[in-house]
Amino acid sequence: MPLAWYASGGIALAAPASSPLPEAGAVLADITVQGAVTDSKGEGLPGVNIILKGSSRGTVTDAQGRFSLKVPDQGAVLVVSFVGFRSQEIAAPTDGSKLAINLVAEDKSLEEVVVVGYGTQSRATVTGAVGKVEAQELVRTPASANTSALVGRIPGITGRQADARPGNGTSIQIRNLGDPLYVIDGVQSDAGTFNNIGLNDIDNISILKDASAAIYGMRASNGVILVTTKRGKLGKPVINVNGYYGIQNFTAYPRPANAYQHLRAQVEAEQNRAQQDHRTPGIVNDPVAGNITPDVLEKWRQGTEPGYKSYDYYDILFRPNVPQWSGNASVSGATDNVSYYLSGSYLDQKALIQDYFFRRYNLQANLEAKVTTRFRVGTQISGRLERRHTVGVPGTDDYFNPLLSVFSMWPTESPYANDNPDYVNQTHNVNVNPATYRESITGYNDDDYRSAKANLYGQYDFGFGLTARATGSYTYTPHTFNGFEYTYNAYKYNPTTKTYNTEPGYGNQNPWRQQVRGTIIERFAQLQLNYNKQLGDHGLALTAAYERFDSDDRAITIHTVPPNNTVPLQLFPNQDYLGDYINETARAGYVGRFGYNYKQKYLFEVLGRYDGSYLYRADSRYGFFPAVTAGYRLSEEGFLKNSGVGRVLTELKLRGSYGITGADAIGPYEYLQGYNFNRGASVLNGAYVIGIQPRGLPTTTLSWIRNKTTNLGVDFSLFSGKLAGTFDVFNRRRDGLPGVSPDVFLPREVGYDLNRENLYADETKGLEGGLTYSGATTGGLTYAVGAHATLARRFDLGYGQRFGNSIDRYRNAYENRWGDVGWGYHVLGQFQSEQEIADHKVNNDGQGNLTQLPGDYIYEDVNGDGVINGLDQRPIGYLQGGQPLVTYALNTSFGYKNFNLNIDIVGAGMQTFQRAYELLVPFQNNGTSPAYIFEDRWHRADPYNPDSPWVPGKYPAVRRNGGEINYANNDFLLRTVRYIRLRNIELGYNLPKAWLSKVSLQGVRVYVNATNLLTFSTINDLQVDPEVASGNGLQYPVQRLINTGFSVTF
Amino acid sequence: MKFSLKSLGLSATLLLGLSTGCQKDFLDRTPSDIIVDSQLWNDPTAIAGLLANYYDRLPTHSTIYAGSNEFSAYDEAMWSGGGNYPNDLVNYDAFRWGNWDYRLIRDINLAIDGIDQYSGSLTQAQRDQFKAEFRFIRAYMYFELAKRYGGVPLVTTQLVYDFSGNTTPLQVARSKEYEVYDFIASELDAIKGALGNDASGGPIGPSVTRATRYTAMALKSRAMLYAASIAKYNAASGLNISTPGGEVGIPSSMAGSYYQKSLDASKEVLAGPFSLYRSNTGNLGENFYEAITRKGANPEVIWVKDFLSSKAYRHGFTYDNIARGLREDNLSSSTTSPLLNLVEAYENLDGTSGELKLRNAAGTDYIYYDNLNGPFQNKDARLYGTIIYPGATFRNQDVQIQAGVKSWNASTNSYQTFEGGLGSTYTSTATVTFPNADGKLLTGSSGPQSNQQDVSNSGFYLRKFVDSGAGTSTRGIASDIWWVRFRLAEILLNASEAAFELGQTADALTYVNRVRTRAGFPTPLATLTLERLQNERRVELAFEDHRVWDLKRWRIAHQVWNGSPTSATAVAYVLFPYRIVRPGSAMDGKYVFEKQLPARYRPARNFQLFNYYTFLGNDIRNRNPKIVRNPFE
């Protein structure tokens, strides 16, 4: 019985027939050859094809890698082949000795198939800057959102997860260009959808970093992330079940002051304030502690007597070791005519705040069938349900209030009246009392997305290199928000009567019920022709396509004032708001690509897109976005290949690309004149009248931004791919950034603005590169070490800006200078004594230094005019809150026997953190402050003795309402953030195959891993995670996740 | 190859045919919230939508629906909400009050042109009435600009840019300050007939929300009074703030005619269907509160910005300003703490000064009152109607205003002061030992507390404009109290001031005494001074966005708020009531009051000469070189 052979992608695949091969008939005098095939680790390889060369006779190895085959006793040669390994030809021994065949894995990287826009290419012939991330690398970060799994994987990707609440993704950019376009299985999509497809369902991700993205036209300016989901692979059905369970903690969050520190700071603030006002400090009246006399303060310091208890609202709010877990089961496989991949997943991530969680279900079904030998049809069907659940905290963002509570609550206050958990304490600001953050008390909010998407395609192969393919896609995404915020009472405990008392203004008496019901429909259609032909040494590839996409997003919001806390029905008598929302988008484009190579040595490609968008006027909707890429594989040149260098230098390719991409620069319907409906309103004669407002001038002078993207790169590998590297320099120049002409001065009195035009320009330029080194020792240790880094920064080119004076130019010019520069004062030091303040010649605070105390910052009077003001501010710092300008990573993996160890380290630099509010101003928002502000501060040795000596500290003396000059932007408060983070460490163990075969399992892997286990950052002392963007630090930081998991393959 | 080319061609044709056939339609999308000319100009309902938008966009400074924190920026109140603006205002910014809103003026001009051009199927009366209403809004807008900047460019038609690069034809120079006021007067005179809308009928009937002939005359009354007092006192004060071209500064010779125009306009309003609100004769304080807040059967209001709860058109002023102890929601409340300075401006009903009696004649000891409202007896009823003072009630509930207790310490022969949390009792606990603890109230549920937010920091709460309806201090229900732009009492005070300045003192007394009689003064004034009238406006129109503008036009703002920490009018004062704990003494259980400097508010108010006219700024002048700078700029 012959083996069934299929050709696919140039790699020979062999699938064994369903039953073991019978031995060939004894025509000649045959001998039996026996042997075993192992891989580099010495593991037996099952399923290896052993063929007698020149015949159809052959066999496959068994589960232990053993085989026996009858061969002619003279000159028999065995061809040993296996997917992913280099084939070998071995002369059959005639002495009856056993063959020990060690198969070497191929240097697959060159034959690896890379998804590029509208097709695939082999790695060897790729000429654009295209990165690729494989499934097994992605799953190493068990993230609840897929963008987080991309961090640190390949050069060029920068990431920052400022708000890492459950279900939130990481802000990913390619070369700091801006938000990229996501394309999932060929259909344009968005970050939210990408984040929420099943992590296990992703086969690979390609990243178009340069002009090769131009094939996506007007949306390609920031690069494209191409996602391909898994397909069934030829062979027996593979059933896989995997899952993990982990525990999460914050990497960092500031700790609040304790009661003693909080009260002592109030006494100090009074002392400091009194000094500024030249009066005697009075006794401080604290609403909880009463008059803070020295005796009282001492009791709070000791904290032992009843009533002097300090409450740590960090501990009260954030539970330690909160679970995150996930399970996934899939079955996949393919036969001659049908391939299938079916998968279901569940993910559950709890928040550190009780009753908050994120939950997601995913289904994915990818099927393909051959209808005739030339016609195939297929589908990718996916469904998901996301639920973001929080308790119904009154106010805007349900995560913000708990984060705020850490500093809004006073450590002297109990969350529960008399510490009795049945009674919420009416604290000074009960809205941030964590006792209320319980679903049973304050209600709930559920934010749900349910999405069903079906891609259907048919493909016809004309048989001479031409294929035609038609794809249709429909996505239906209902979104519901369901919020119910209850009223609740809060109590004060009266110790005399031993009663819990409540009053009308206590607790929350603002019931709130809201539903949003919306549906997003996305439709996509595509026709594509591909022609691939190898004519001798000439390789041709042609692609032409037309596609269009539109979306229809509608939502209705209903709000009621519910009459009680129990009935969720929203009834008209209680309704006080109804909102309606409609938004449509539409895009269409023609795609073309022509690729040519000569002997896979000279590589050349032109591509382009004629792209249209609904955003622009009918007569100027379409733009053309072409690109050209070229490559030269020096290593294929005879003089290299056949020289000594060639034996070392396996691959050397020079790449270059140049192209034009677009970016939207305008809002919907800006080209329309007319009147906006529902803008403002008045009650006229007792009736509500919806307002209508004239629009400004219609925008007819603004088109998309044109980006010129240039990339030069080199790929190389040495020692048969053991050492491989890639290096790129790039520049994206954006022309036509929208702005108002600086040459036309339209008086403000005309009452409208001049239209924006495509005027301004900037560049983002940088470098990226990476090296990997991999190999194996004779002792059975395999290893791979990779390092890569990216530097990308914006440079403003500007256009004809006009300036009122030189300081205006100095301060406000956006031309010929790096972008996103922060401004502030340079701190020379801190005042060391009152005498130094008195002697200080420069008016530091604008008030003759009357408000200054020892420990306050001394600012540099740069212009020497004797007073500190805006003219003394100088550039300090980099971009705040955005992507770091420098990103680097180290990825390592080691294997030994059945163990493997992976360690990923990521780092970043050139970003700036500017402290603000809670992290800066004592008693911000009438609350408390981080302990370090009240601890490491300038103060008098005795807070009750205004003549006691000053004790130095890191921070200025504590003030309550005052000392604002210390909070001005300055280079003491502003910190350059650099960090190195142990992103992943994973230890896995594959159960020996020998054990598994007894229970008919293909493979079992168990592992433990940790994400963000260690972080070294320049703002560790602020107890803020380096990815947090908000200056007050009140963001849900990334978590340290410690995980254990398994994967079983049947 | 032949075959392939053919197939390719075929496929390409197919592709193109499919795409070009529908490409235009496919990318053409219809917005859901934009209408066009043809849908607007012949539909009176839609034109009313334009009006609703324009009325809503009228400039504001300190109102209950926008800028309510600015109530605390002068000498009426201090800020007791979150943050410390405006208590921290060391100076008033040179660009303060800025509002160069020529967008609204352009939209009005566009509407006037639109009606002329497109509204062919409306009746002539409808067209006239709409145009008159748009012109009223424009006149009001120019008044708001003039009181901030002085003379401004008078743009009365659309300025259309031809994209030639030449903007010179669009440059309009500033008019003289008096020219703007003259424009306002002539516009109002021109449209008052067409506005109709009075009791005699007109297209929309009587209205307090849309402009009527009386609204027009009320605006004229106010605007002409401003012009007159600027003309007189810019010179009389010796300041003579002006520009050479007259963009700022009105010749003093014009004062008389402006006073006369104001008086004439006031008389037209007074001849109308309005009267002072006097429905609640049994309680003059409540009556005064109702005069501003009562929506039905209120003959006093002339023009308001109205709200409507049933259509969710409402504001959070009551949520933000309900007395702390009465609040029905959590988070906000009590953000505006009226100052003792204002409280003492309310006279005693016997006509004597309103200064509170807090210390004995020798100044050696407190005056001991039996009740918390002791110092506020026999006061101008408008004090009650405007401000909740210690011992007062609101919504038929006591507002507990008591800062703490003063406990007698016999050994030191002095009082020791204790303050506690809101609603706390003077009871010793495990943690706190109070001398002579008596278990009675320590600190009221409404404070005051000196250094906390969302509770009075001054000892007083606002009553005017705070809704007495149940639930209105919750965010869910909120309030639809209206904002009064014009009411008859102001017109009477305008008339009184104009008559006084014109030497018609008898008439002036008649007008002002109508207002004072309603406030409960049994004896009419027999003599009149400007200072008296100034105080009358202060107390009658408190928290109605008059104070700063009045002081500016009288050219006394820089004296009243002179920035001096020793000036009684520039420094803010608060009043903290304490209960006496002195067992065995007659003083025990009585109340004393301390006048204090507020802890959260220390700088003296500092109005500088450059504050009389808001700076224009480089941007305005760079775009139109015909615009001259304001003085000091």
When rounded to the nearest 0.5 angstrom, what distance separates [atom1] in [X] from [atom2] in [Y]?
X	Y	atom1	atom2	value
N618(B)	N805(A)	CG	CG	8.0 Å
I692(A)	L50(B)	CD1	CG	6.0 Å
Q426(A)	L422(B)	CD	CG	9.5 Å
Q509(A)	E328(B)	CD	CD	9.0 Å
N285(A)	Q452(B)	CG	CD	10.0 Å
N451(B)	N926(A)	CG	CG	8.0 Å

Query raised in the report: Are the side chain of S682(A) and the backbone of A52(B) linked by a donor-acceptor contact shorter than 3.5 Å?
Result: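 Yes, S682(A) side chain to A52(B) backbone: donor-acceptor pair under 3.5 Å.
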Report task. Keeping the roles fixed (side chain from R623(B), backbone from R748(A)), state whether a donor-acceptor pair exists under 3.5 Å. Result -> no
Could you tell me which portion of [X] (side chain, backbone, both or neither) has an atom closer than 4.5 angstrom to a non-hydrogen atom of chain B?
X	answer
N583(A)	neither
P668(A)	neither
T487(A)	neither
Q673(A)	backbone
N508(A)	both
V750(A)	both
L615(A)	neither
Y460(A)	neither
N429(A)	side chain
R617(A)	neither
S613(A)	backbone
Y577(A)	neither
I690(A)	backbone

Under 3.5 Å, is there a donor-acceptor pair between the [X] and [Y] side chains?
X	Y	value
N685(A)	S207(B)	yes
N53(B)	Q693(A)	yes
Y675(A)	D37(B)	yes

Query raised in the report: With only heavy atoms counted, which part of T30(B) is less than 4.5 Å from chain A, the side chain, the backbone, both or neither?
Result: backbone
**Report entry** Heavy-atom proximity to chain A below 4.5 Å, by part of R324(B)
**Finding:** side chain
Minimum heavy-atom distance [X]-[Y], with the two atoms named:
X	Y	answer
A586(A)	F26(B)	CB-O, 3.4 Å
L27(B)	Y614(A)	O-CB, 3.3 Å
R103(B)	D753(A)	NH2-OD2, 2.7 Å
F418(B)	N291(A)	CD2-ND2, 3.4 Å

Report task. Under the side chain to side chain contact (heavy atoms under 4.5 Å, CB included) rule, what do W512(A) and R475(B) come out as? Steps first, then yes or no, please. Result -> CA-CA 9 Å; W512(A) 185 90; R475(B) 282 163 288 171; over 6 Å; no
Query - Largest heavy-atom contact set with chain B, pairs under 4.5 Å, which of F677(A), Y581(A), Y688(A) - result: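 Top count of heavy-atom pairs under 4.5 Å with chain B: Y688(A).
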Report task. Go through D550(A), I582(A), V689(A) and name the one with the most non-hydrogen pairs under 4.5 angstrom from chain B. Result ->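 It is D550(A).
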Query raised in the report: So does K295(B) have more than 12 non-hydrogen atoms from other groups sitting under 6.0 Å from NZ?
Result: yes
Requested in this report: Answer yes or no: does atom OH of Y917(A) have more than 12 heavy-atom neighbours from other residues, nucleotides or ligands under 6.0 Å?
Outcome: no
Query - R679(A) vs D33(B), side chain to side chain contact (heavy atoms under 4.5 Å, CB included): CA-CA, chis, key distance, verdict - result: CA-CA 9 Å; R679(A) 294 291 187 285; D33(B) 59 353; 3.6 Å; yes
Report summary line: Contacts of Y616(A) meeting ring pair (Phe, Tyr, Trp, His ring centres under 6.0 Å) (sequence neighbours excluded), chain-then-number -> W704(A)
Query raised in the report: After noting the C-alpha distance and the side-chain angles of N925(A) and Q453(B), does the key distance pass the side chain to side chain contact (heavy atoms under 4.5 Å, CB included) rule?
Result: CA-CA 9 Å; N925(A) 198 19; Q453(B) 66 182 43; 3.8 Å; yes
**Report entry** Salt bridge flag under 4.0 Å for residues R314(B) and D576(A)
**Finding:**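 A salt bridge links R314(B) with D576(A).
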Query raised in the report: Does the pair D28(B)/R621(A) count as a salt bridge with the N-to-O cut at 4.0 Å?
Result: yes
Query - Verdict with reasoning, E749(A) to I620(B), per side chain to side chain contact (heavy atoms under 4.5 Å, CB included) - result: CA-CA 8 Å; E749(A) 296 74 55; I620(B) 291 171; 3.9 Å; yes
